[in-house]
Amino acid sequence: FSEMDHDGGIFIVGATGESERRLTDVGGNPAWSPDGQQIAFASETVDLPHSRASTSHLFVVDVAGGSPRKIHDQDAVQPKWSPSGGRIAFWSVVGGQRDIATVAVDGSDRVAVTSDAAVDWAPEWSPDGRWIYFASDRGGSMSLWRIRVDERTGRPAGQPESVSAGVEAAMDLPSFSSDGRTLLFRSQMESINPTAIPFDPVTETTGVPRVLTTRTGLLLPASISPDGEWIALSNLGERQEDLFVMRRDGRDLRRLTDDLPRDRGPRWTPDGTALLFYSNRGGSYAAWSIRPDGSGLTKLVEDATRGFIYPSMSPTDGRVSALSDSRLAAYVLTPPFPATGDRITVLPNADTAGGYVSPSLWSPDGKWKSGAWVSSAGEPAGTGVYDVAAGRARQLTTDRGIWAAPFLPDSRRIAYFTTASELVVVDIATGRRRILPVTLPLPAGRESMAIAPDGRTIYYGAQRIESNVWKVERQ
């Protein structure tokens with residue numbers, strides 16, 4: 001099993017919970033080799049297909065001990081060993097597209113199993129090696145599919161076939177018994193709604209949270225307009241991902257985009273005339289802007305070969321920072337837009353001991369940037385800040401899985417929700433980390449955090465998930 005706490009890693013334990021032993025300090029979604037001597041894992045842990053944090057790599061570690069060995073440099077998550085032990089199946093993201101692939105156990109000979117617009121993830125080999133089962137939304141909702149493969153080469157030998165029906169929820173995470181007669185899978189229904197928490201930025205005290213909408217879908221607050229009147233939101237994780245705005249009290253919800261490309265991470269510009277976001281509408285992820293009425297769609301970078309995500313604009317000089325969609329290094333785009341190659345520069349000196357800071361948000365005074373601290377293994381293993389004037393990065397905390405860490409109005413403190421839904425405030429000068437007491441109506445959903453410009457309201461996405469485990473037996 002793997003852990004995603006402050007020190008994380010891959011562990012093994014006896015079937016009844018005895019003799020727990022750590023194998024690695026990083027990684028997730030471990031998979032046993034057929035002979036039980038090795039474990040394959042990825043540098044990034046995933047449990048949902050739409051929310052990816054980094055470019056993940058495949059590793060193998062011996063159960064007897066020793067250092068993990070990286071076997072594959074391209075993006076790969078949720079590895080599963082073939083029954084013969086000759087290949088490893090996984091899924092990956094290329095240009096926003098999620099597909100199944102396989103590699104030989106040494107990481108060579110990568111072969112695509114699916115390659116289309118559908119979201120394909122959570123692969124599982126059938127015990128006879130003739131099929132790869134996986135979760136996909138290719139039928140309209142997330143359900144279980146399978147595709148015939150040649151286990152020796154990993155190449156597909158047919159078209160995907162639907163294998164599930166009758167469950168009124170998303171279906172994923174298929175898992176076979178060793179004899180192939182029993183299939184387990186998860187069903188899940190999820191909703192995320194924007195919620196307002198009254199907050200005193202001086203005393204760091206919170207009021208009673210208020211859920212602003214009660215939709216059955218996903219609606220994640222991401223940014224607040226400079227006048228504090230409008231919330232920018234996305235529906236990250238739905239089949240069609242678009243951008244929305246709504247008034248701060250939950251009224252007047254408006255859709256800004258309504259098409260197939262994945263539109264994500266809306267951020268208001270400092271003057272409130274536009275929102276920046278990232279989208280794969282050009283074939284790969286790139287930074288775009290759009291006006292609050294849905295007009296003026298503009299690409300911010302001409303270079304189509306370099307992907308950018310999480311764009312945000314400096315409050316002082318109109319420059320835009322964005323993360324590359326591969327290593328998550330930070331770049332600065334200088335206007336006018338669309339920026340050409342000579343106006344795209346990497347943020348210098350973002351490296352720290354054992355990793356680097358991947359900053360995505362500006363402080364209100366434009367002097368700092370905040371974001372994830374990424375370990376050398378490519379895992380978001382903490383939070384960090386970047387001093388713009390000094391050109392120097394610093395790790396702040398070891399809270400894993402944090403990407404959005406917005407500043408309070410004083411530009412001295414950042415706030416975020418941990419993966420355990422704790423509301424945390426960190427002083428970037430002293431390093432003081434404080435968990436604020438607040439009774440949330442529901443846990444905090446992924447990538448859903450915004451602070452009003454006056455600091456008196458914190459917005460988050462209240463997440464409701466209903467999951468069940470199903471068993472199907474072959475008669």
Side-chain angles (χ1 to χ4, degrees), residues 196-206 220-232 248 265-272 275-276 310-323 330 332 347 350 352 357-374 380 382-397 399 401-418 422-436 438 444 447-461:
I197 304 174
F199 181 65
D200 186 331
V202 176
T203 62
E204 295 185 356
T205 54
T206 60
L220 289 66
S223 178
I224 312 301
S225 62
D227 63 5
E229 294 298 317
W230 292 89
I231 309 171
R248 64 179 181 177
R267 296 284 173 190
W268 289 93
T269 57
D271 61 7
L275 295 100
L276 307 186
Y310 296 108
S312 62
M313 183 173 286
S314 164
T316 59
D317 58 17
R319 293 184 301 162
V320 170
S321 70
L323 306 181
V332 174
L347 202 67
T352 67
V357 174
S358 185
S360 58
L361 297 180
W362 296 84
S363 62
D365 61 11
K367 295 181 179 180
W368 296 90
K369 288 183 65 60
S370 68
W373 179 80
V374 182
T383 61
V385 290
Y386 183 85
D387 186 329
V388 177
R392 184 171 58 248
R394 176 161 45 92
Q395 180 184 0
L396 284 180
T397 72
D399 291 316
I402 310 301
W403 288 105
F407 282 87
L408 293 174
D410 59 8
S411 295
R412 178 187 173 94
R413 292 167 293 168
I414 61 172
Y416 55 86
F417 283 96
T418 68
E422 299 167 320
L423 178 56
V424 171
V425 172
V426 181
D427 188 308
I428 67 172
T430 65
R432 184 201 62 147
R433 176 187 181 277
R434 183 186 175 210
I435 299 175
L436 305 188
V438 58
E447 297 189 36
S448 58
M449 172 77 171
I451 299 176
D454 62 5
R456 302 198 66 81
T457 308
I458 293 175
Y459 298 88
Y460 88 101

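Proximity of a side-chain donor or acceptor of Thr205 to a complementary backbone N or O of Asp200 within less than 3.5 Å is not detected.
Residues passing the side chain to side chain contact (heavy atoms under 4.5 Å, CB included) test with Ala222, sequence neighbours excluded: Pro266. Arg434 meets the side chain to side chain contact (heavy atoms under 4.5 Å, CB included) test with Glu204, Arg432, Leu436, Pro437; sequence neighbours excluded. Remark: Arg412 engages Asp427 in a salt bridge (charged side-chain N to carboxylate O under 4.0 Å, His left out) (not counting sequence neighbours).
To the nearest 0.5 Å, the span separating CD1 on Ile451 from OG on Ser223 amounts to 11.0 Å. Residue Glu422 holds its CD atom at 9.5 Å from OH of Tyr416, rounded to the nearest 0.5 Å. The OG atom of Ser363 sits 7.0 Å away from atom CD1 of Ile428, with the distance rounded to the nearest 0.5 Å. A distance of 9.5 Å separates OG in Ser314 from CG in Asp365, rounded to the nearest 0.5 Å. Atom OG of Ser321 and atom CG of Leu361 lie 8.0 Å apart (nearest 0.5 Å). Expressed to the nearest 0.5 Å, how far OH of Tyr386 lies from CZ of Arg392 amounts to 9.5 Å.
Side-chain atoms of Trp403 and Ser360, non-hydrogen and from C-beta on, never get closer than 4.5 Å to each other. Taking 4.5 Å as the limit, every side-chain heavy atom of Arg267 sits out of range of all side-chain heavy atoms of Trp362. Residues Trp368 and Asp387 are in side-chain contact: their nearest non-hydrogen atoms beyond the backbone lie under 4.5 Å apart. Using a 4.5 Å heavy-atom threshold, the side chains of Met449 and Leu423 count as touching. Between Val388 and Arg319, the closest side-chain pair of non-hydrogen atoms falls below 4.5 Å. Contact check for Leu276 versus Met313: side-chain heavy atoms found under the 4.5 Å cut-off. Using a 4.5 Å heavy-atom cutoff, the side chains of Val424 and Arg433 are in contact. Contact of the Pro226 side chain with the Asp271 side chain is not registered, since no non-hydrogen atoms from C-beta on lie closer than 4.5 Å.
Closest of all the heavy-atom pairs between Tyr459 and Ile231 is CE2-CD1, 3.6 Å. Smallest separation of non-hydrogen atoms from Pro364 and Pro315: O-CG, 3.4 Å. Shortest non-hydrogen contact noted between Ser448 and Gly461 is OG-N, 3.1 Å. Heavy-atom minimum distance, Thr316 versus Gly366: CG2-CA, 4.1 Å. Closest approach of Gly455 to Phe199, counting heavy atoms only: O-CD2, 3.1 Å. Thr418 and Ile402 get closest at one heavy-atom pair: CA-CD1, 3.9 Å.
Atom CZ of Arg248 is surrounded by 12 or fewer heavy atoms from other residues, nucleotides or ligands within 6.0 Å.
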#### Entry: CA sep, side-chain torsions, deciding dist, call: Lys367, Ser411, side chain to side chain donor-acceptor pair (under 3.5 Å)
CA-CA 8 Å; Lys367 295 181 179 180; Ser411 295; over 6 Å; no

### Task
Test Ile458 against Thr206 for side-chain contact (heavy atoms from CB on, under 4.5 Å), laying out the working first.
CA-CA 9 Å; Ile458 293 175; Thr206 60; 5.6 Å; no

